[in-house]
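Input: a single structure, listed below in structure tokens.
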Amino acid sequence: MSKKNQIQAPKGVSEYVPPHSRKFESVREALLAPARSAGYELIELPVFEDTELFTRGVGESTDVVSKEMYTFEDRGGRSITLRPEGTAGVMRAVIEHGLDRGQLPAKLYYSGAFFRAERPQAGRYRQFYQVGIEAIGTQDSALDAEVIAIADAGFKSIGLQKYRLEITSLGDAQSRAKHRVDLVAYIEKLDLDDATKTRATINPLRLFDDKREEVKKQMATAPLLLDYLSEKSRKDFEEVQKHLKALGVEFTVNPRMVRGLDYYTGTTFEFVHDLLGAQSGIGGGGRYDGLMAELGGQELSGIGFGLGIDRCVLAAEAEGISFDQEFTSDLFIIPLGDESKTSALTIAQQLRSSGLRVEISFGDRALKGSMKAADKSGAAYVIVLGESEISSGTVELKEMSTGKTSSVTLASLQKHLLSVSSK
RNA sequence: GUGGGCGUAGCUCAGCUGGUAGAGCACCCGGUUGUGGUCCGGGAUGUCGCGGGUUCGAGCCCCGUCGCUCACCCCA
């Protein structure tokens with residue numbers, strides 16, 4: 001609630017506080033794990049970059065660059081922009097650090113906050129979170145398929161089911177040029193309002209994405225880029241599909257798919273969730289042939305994706321997926337009296353070093369209150385630590401789910417807990 | 001940038017045709033000495049988003065403003 005002098009978060013940012021943040025953490029780790037298993041390595045980059053990186057990399061004709069960037073001047077008079085997406089920054093860093101001079105493909109993953117100055121709505125925030133990967137320097141349909149499969153594995157490991165994968169190919173430069181000529185000619189004959197016409201001159205492909213029925217109808221017979229693919233592009237695209245089938249990754253070919261960033265070429269894909277609102281894309285990506293050269297690097301092709309953590313959290317909630325059990329402690333220690341607090345601290349420290357999750361009851365509440373706290377924490381076991389336990393070296397280990405207790409010596413507590421801990 | 005909906009305790013909300021606020025959940029304490037989940041008793045919490053107007057009187061009406069939210073646009 002907004003009180004008089006209370007400072008609120010800036011408009012449209014997503015925040016995750018406990019217990020909700022558990023979901024965020026679980027989702028992020030689930031999305032990242034398949035990339036790590038496939039040999040991708042972390043790249044951690046600044047959230048702000050030289051504005052030119054995005055105008056050149058992402059493309060000035062995109063809405064992202066033309067009206068959605070957080071751009072400001074720093075104290076040295078440089079134009080700085082909060083990163084609206086991840087790929088351009090990764091390419092900049094790859095070139096700057098010469099990662100493209102080593103073994104290829106360079107395989108990188110990232111995770112972090114991105115910024116777009118849009119009007120917020122369900123699943124769309126001004127600061128949002130993405131994980132992504134980029135595989136740079138190798139042109140191979142098998143790599144395209146693997147990248148897509150890594151994203152798919154991430155969604156599956158969250159437990160998501162109600163999503164679908166759409167793929168297409170944007171072909172090479174010549175294919176796109178030929179198609180564009182025909183598409184523009186086709187669009188010129190249509191009955192469209194001025195705003196839409198303007199949009200079409202900036203990027204005619206955008207009209208395929210229009211949600212209005214009258215536009216959809218008119219675009220129904222528009223020339224499709226897939227029909228213009230060169231022999232090589234067509235073969236590559238078929239290879240990708242063959243590999244995806246072998247991997248058991250389900251997909252549909254959507255020749256009308258449109259992506260918002262200008263650098264995509266060749267294989268392009270998008271994951272869409274069925275239970276989300278208007279913002280239903282949970283991830284997407286594709287190959288980009290010209291980006292590296294555009295940014296002053298070698299003529300190398302890359303492929304990657306960005307997955308929306310926020311939207312995956314929303315999707316997981318919509319599907320009723322819960323993550324809570326991953327976040328409960330193995331043991332809850334209740335010290336009685338000030339003297340036993342030292343023991344509680346040292347015992348907890350020792351148990352934690354073996355990977356157990358251990359909490360202590362703090363403050364001076366009564367035993368009953370501490371037991372309640374233990375119950376609510378979801379801890380599997382509880383011990384009460386008083387003078388008698390410390391002097392005898394034996395505690396009553398209580399299993400919270402059954403209420404049963406058993407006598408365990410402090411010396412064997414760790415071994416005991418490790419044997420029953422699932423983690 | 002354009003449009004719709006909504007702003008009452010930490011959360012979810014109730015508040016009849018205007019008479020100066022309530023429930024459930026959560027939280028804290030207790031129900032005789034050191035063991036939770038049920039039950040019972042007790043307690044704290046709101047300038048009813050903010051500002052102005054109408055009125056004897058406004059959470060309820062009017063105007064403005066800010067915020068949240070959903071959709072368009074665009075996209076993760």
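Naming: A, B, ... by sequence-line order, numbering from 1 per chain.
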Is A:Thr87 touching bases, backbone alone, or none of the nucleic acid, heavy atoms closer than 4.0 Å?
nothing

Under the side-chain hydrogen bond (donor to acceptor under 3.5 Å, both in side chains) rule, collect the residues that match up with A:Ser388, sequence neighbours excluded.
none

What is the base-pairing partner of B:U2, counting Watson-Crick and G-U wobble geometry with both distances under 3.5 Å?
B:A71

Rounded to whole Å, how long is the line connecting atom CG of A:Asp210 with atom P of B:C75?
12 Å

Please give the distance between the C1' atoms of B:G18 and B:G53 as a whole number of Å.
15 Å

If you check every side-chain atom of A:Arg311, which of B:C68, B:G36, B:A76 has the closest atom?
B:A76

Measuring only between side-chain heavy atoms, which start at C-beta, is A:Met219 closer than 4.5 Å to A:Val215?
yes

At under 4.0 Å between heavy atoms, what does A:Gly403 touch on the DNA or RNA strands: base, sugar-phosphate, or nothing?
base

Distance between C1' atoms of B:U20 and B:U8 (Å, rounded)
14 Å

Would you say A:Lys376 reaches B:C27's phosphate, i.e. side-chain N/O to OP1/OP2 under 4.0 Å?
yes

From CD1 of A:Ile282 over to C1' of B:A76, roughly how many Å is that when rounded to an integer?
10 Å

Looking only at atom C1', what distance separates B:C25 and B:A44, rounded to whole Å?
16 Å

Remember a base hit wins even if backbone is also touched, and classify A:Glu68 as base, sugar-phosphate or nothing at under 4.0 Å, heavy atoms.
sugar-phosphate

Could one point to a donor on the side chain of A:Lys368 or the base of B:G37 with an acceptor on the other under 3.5 Å away?
no

With the side chain defined as heavy atoms from C-beta on, A:Lys11 is closest, among B:A76, B:G36, B:C68, to B:C68

When you compare B:U12 with B:G1, how far apart are their P atoms, in angstrom units rounded to a whole number?
28 Å

Nucleotide paired to B:G41 in any strand shown, Watson-Crick or G-U, under 3.5 Å:
B:C29

When you measure from the side-chain N and O atoms of A:Gln279 to the phosphate of B:C75, is any distance below 4.0 Å, counting only OP1 and OP2?
no

Rounded to the nearest angstrom, tell me the gap between atom CD1 in A:Ile333 and atom C1' in B:U35.
15 Å

Give a yes-or-no answer on whether the side chains of A:Asp289 and A:Tyr263 include a donor-acceptor pair shorter than 3.5 Å.
no

With the side chain defined as heavy atoms from C-beta on, A:Arg206 is closest, among B:C75, B:G36, B:C29, to B:C75

Take A:Ala122 and A:Tyr264, find for each the nucleotide of RNA chain B with the closest heavy atom, and name the residue whose nucleotide sits nearer the 5' end.
A:Ala122

Return the value, rounded to whole Å, for the distance between atom CG of A:Leu276 and atom C1' of B:C70.
14 Å

Under 5.5 Å between ring centres and under 30° between planes: true for A:Phe128 and the base of B:A76?
yes

So A:Gly132, base contact, sugar-phosphate only, or nothing? Heavy-atom distance under 4.0 Å.
nothing

Suppose we define a pair by two distances each less than 3.5 Å, Watson-Crick or G-U wobble; what does B:C13 pair with here?
B:G22

Can you tell me, in whole Å, how much space there is between the C1' of B:G7 and that of B:G64?
16 Å

Does the A:Thr405 side chain pair with the main chain of A:Leu397, one donor and one acceptor, at a distance under 3.5 Å?
no

Any strand: nucleotide that pairs with B:G57 via Watson-Crick or wobble, under 3.5 Å:
none

A:Glu60 and A:Thr55: side-chain hydrogen bond (donor to acceptor under 3.5 Å, both in side chains), yes or no, with the steps?
CA-CA 5 Å; A:Glu60 285 189 271; A:Thr55 55; 5.2 Å; no

If pairing means Watson-Crick or G-U wobble with both distances under 3.5 Å, then the partner of B:G51 is B:C63

Would a 4.5 Å heavy-atom cut-off, applied to side chains only, mark A:Thr81 and A:Phe48 as touching?
no

When we call it a touch if two heavy atoms are under 4.0 Å apart, what does A:Tyr125 touch: a base, just sugar-phosphate, or nothing?
base

Expressed in angstrom and rounded to an integer, what is the separation of A:Phe305 atom CZ from B:A76 atom C1'?
12 Å

Using atom CD of A:Glu134 as one end and atom P of B:A76 as the other, report the distance to the nearest whole Å.
12 Å

Calculate the interatomic distance between A:Met400 atom CE and B:U38 atom P; express it in whole Å.
12 Å

Can a donor-acceptor pair be found between the side chains of A:Ser301 and A:Arg287 at a distance below 3.5 Å?
yes

When all nucleic acid strands are considered with a 4.0 Å heavy-atom cut-off, which category describes A:Leu261: base, sugar-phosphate, or nothing?
sugar-phosphate

By the 4.0 Å heavy-atom rule, please label A:Arg116 as base, sugar-phosphate, or nothing.
base

So which nucleotide from B:G34, B:G36, B:C73 ends up closest to the side chain of A:Lys372?
B:G36

Pick the C1' atom in B:A21 and in B:G57, then give their distance to the nearest Å.
16 Å

Please measure how far the C1' atom in B:G30 lies from the corresponding atom in B:U65, and state the result in whole Å.
48 Å

A side-chain contact here means heavy atoms from C-beta on lying under 4.5 Å apart; do A:Val395 and A:Leu410 qualify?
yes

For the P atoms, the ones on B:G5 and on B:G22, what distance do you get once it is rounded to whole angstrom?
31 Å

Does A:Lys398 get its side chain close enough to the base of B:G36, under 3.5 Å, for a donor-acceptor pair?
yes

Should the side chain of A:Asp375 and the base of B:G36 be counted as holding a donor-acceptor pair, with the cut-off at 3.5 Å?
yes

Of the listed nucleotides (B:U35, B:A76, B:C73), which one gets closest to any side-chain atom of A:Leu367?
B:U35

Sequence-aligned protein contact record of nucleotides 1-6 of chain B, with B where the base is within under 4.0 Å of a protein heavy atom and S where only the sugar-phosphate is
BBB---

Could a donor-acceptor pair under 3.5 angstrom be found where the side chain of A:Gln121 meets the base of B:C73?
yes

Earlier contact from the 5' end, RNA chain B, for A:Asp364 and A:Ser388
A:Asp364

Where does the angle between the aromatic ring planes of A:His20 and A:Tyr16 fall among parallel (under 30°), tilted (30 to 60°) and perpendicular (over 60°)?
parallel

May I ask you to verify whether the side chain of A:Glu389 and the base of B:G34 hold a donor-acceptor pair under 3.5 Å?
yes

Below 4.5 Å, heavy atoms only, C-beta onward: do A:Leu275 and A:Leu314 meet side chain to side chain?
no

Exercise: do A:Glu396 and A:Ser407 side chains pair donor with acceptor under 3.5 Å
yes

Measure NE2/A:His273 against P/B:A76 and give the value in whole Å, please.
17 Å

